[in-house]
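In what follows, chains are A, B, ... by sequence order, proteins preceding strands, each numbered from 1.
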Amino acid sequence: MTVRLFNSLTRLKEEFVPREQGKAAIYACGPTTYNYFHLGNARMLVVFDMVRRYLIFKGYDVTYVQNFTDVDDKIIKRATEEGCDPFVLARKYIDEYFKDAKALNIIPADVHPKATEHIFEMIEIVRKLEEKGLAYHAEGDVYFAVEKFPGYGKLSGRSLEDMQAGARVEVDEKKRNPMDFALWKKAKKGEPFWESPWGKGRPGWHIECSAMALKYLGPGFDIHGGGGDLIFPHHENEIAQSEGCLDGEPFAKYWMHNAFITINQEKMSKSLGNFFLVRDVLQKFPGDVIRFYLLGTHYRSPLDFDDEKLVMASKGLDRLKNSVRLAKEALNKVLPKEETLSEDELIKTVQAARKDFEEAMDDDFNSAQAYAALFELAREINSYLAKEMKQPYALTQAYSTLLELGRILGFDLEAEEAVSGEEEGKLGQVMELVLEIRQNARKKKDWNTADLIRDRMKEIGIVIEDTTEGARWYLK
RNA sequence: GGCGGCAUAGCCAAGUGGUAAGGCAGAGGUCUGCAAAACCUUUAUCCCCCAGUUCGAAUCUGGGUGCCGCCUCCA
């Protein structure tokens, strides 16, 4: 079974055929580090993390590169406002990035290149473009001459005429065509700068991704990803620069773009000011719940945000986790008998879940549909546990499959609150005592005490549930 | 103005020619001292509206309505 994905460049679902058999090279446009990242950034990060994990599951040797834009207008502006050094500011938010990313269970990229560490490579590209006549120098700035690149507009699906018709770009006297964009910017007073053939300056935004993608992945790499708002101008310009400087090779083969998160049906964005920082949302909901919410909708559909949606996600995720916990509990009790029939209903469900999951994911990473396979497996496990006859083999298969499929999407369904080994042993002993006291109270029909213990423990984060075989407890 | 996207139950959300996945919420039941969890049953004669193509459409075509995005930094 092969993976099919929607290629923004062709606007078609295409079969994924990598440049090099068995390998997948992915470049994702990471955040500009002048603040903590918001939910919109998180969607992009989680989506491409899922893409990466799934391709690994499919057996590809994946190289995943995600940059940090650590020098640009916004960073400089913010640093000026706060009276600090722009590099220090960028460095800080790069560090903070990894904290939030970890909470969302995003695997660090194989390479996290920073723009400021690739100035030389960028200058080389600009120089080459200038040599080829695709770029021109004007008073310390260098611009890309859009008219000289025939394919300009192929990604965003519009012609130069279309763009100019609707363009309200500031008329810059230095530009030959209003759509020309900066490759290199002359440094203003007090701004960070690097020496270059055109004087002191700094790179334009788009050039960094061209330089770093080509450096780490080479021409014609497999997947270039990012948020939909990067299609124009950022990715369009990346293509122009990169393919302009290459000799006929394509820059990237497949372009993937995720849709936006909206607030009250309006795009969440930094400029509108209606954004929610992941750092803040984490105060109210755990990272895996946020991730579960984000992947509950296909990545190319818009996703509206409010707390209620996270509550729904939280309950759904709990359902999956409960099922895993219950299965594990049963497995610890069931005495392994000889394995008999393999035609067990549960085994069939396990196989079906695996198949459905993979079919959904093969079809343009349809994680929302893949969820259904997870839930169906969970329900079958639960209902199996209610039966008398239990086969350890079937149950083990079901349990490990649910865990495995969850993990492919980046969920650890077995995760409990972290407790160190020694503490765990002590906690177990304490809980044994607590449950014994409570059981005595229940025998005496002292419901007040029994309920008090249960309620107070819940506040602490320990759930007590009564079953016919005695009480169970777990951390939540 | 140019280009593009979306419209499925109370809410969220798959499905894109063969007769509506899944989750949350709700209702009834089982279990329970109660609760929680879990299980069973139930919840869209219908997929924004109109016309058309077809044996057959939520799915294709045309028209309409509504919402959104890109065209300027933004995931």
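For the pair A:D229 CG and B:rG4 C1', the computed distance is 14 Å after rounding to whole Å. Computed from coordinates, the A:K175 NZ to B:rU72 C1' distance equals 10 Å when rounded to whole Å.
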Table please: side-chain donor-acceptor pairs of residues 313-321 of chain A below 3.5 Å, with sequence neighbours left out.
unit_1 : atom_1 : unit_2 : atom_2 : d
A:D318 : OD2    : A:K476 : NZ     : 3.2
A:K321 : NZ     : A:D288 : OD2    : 2.7

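Less than 4.0 Å separates RNA chain B from no heavy atom of any residue of residues 93-108 of chain A.
A ring-centre distance under 6.0 Å is found for A:F68 and A:H112. Aromatic ring centroids of A:F57 and A:Y54 lie under 6.0 Å apart.
Residues satisfying the salt bridge (charged side-chain N to carboxylate O under 4.0 Å, His left out) criterion with A:E14, sequence neighbours excluded, are absent altogether. Residues passing the salt bridge (charged side-chain N to carboxylate O under 4.0 Å, His left out) test with A:E308, sequence neighbours excluded: none.
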### Task
Would you write the dot-bracket representation of RNA chain B, where each base gets (, ), [, ], | or . depending on whether it forms a Watson-Crick or G-U pair under 3.5 Å and with which partner?
((((((((.[[[..)..(...]]].(((((.......))))).....[[[[[..)....]]]]])))))))....
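Judged by distance alone with a 3.5 Å cut-off, no donor-acceptor contact links the side chain of A:K309 to the base of B:rC12.
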## Note on the structure
Per-nt protein contacts along nucleotides 34-44 of chain B (heavy atom under 4.0 Å; B base, S backbone sugar-phosphate only, - none) come out as BBBSSSS----
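A:Y299 and A:N366 share no side-chain donor-acceptor pair at under 3.5 Å.
Annotation: B:rG22 and B:rG66 have their C1' atoms spaced 28 Å apart (nearest Å).
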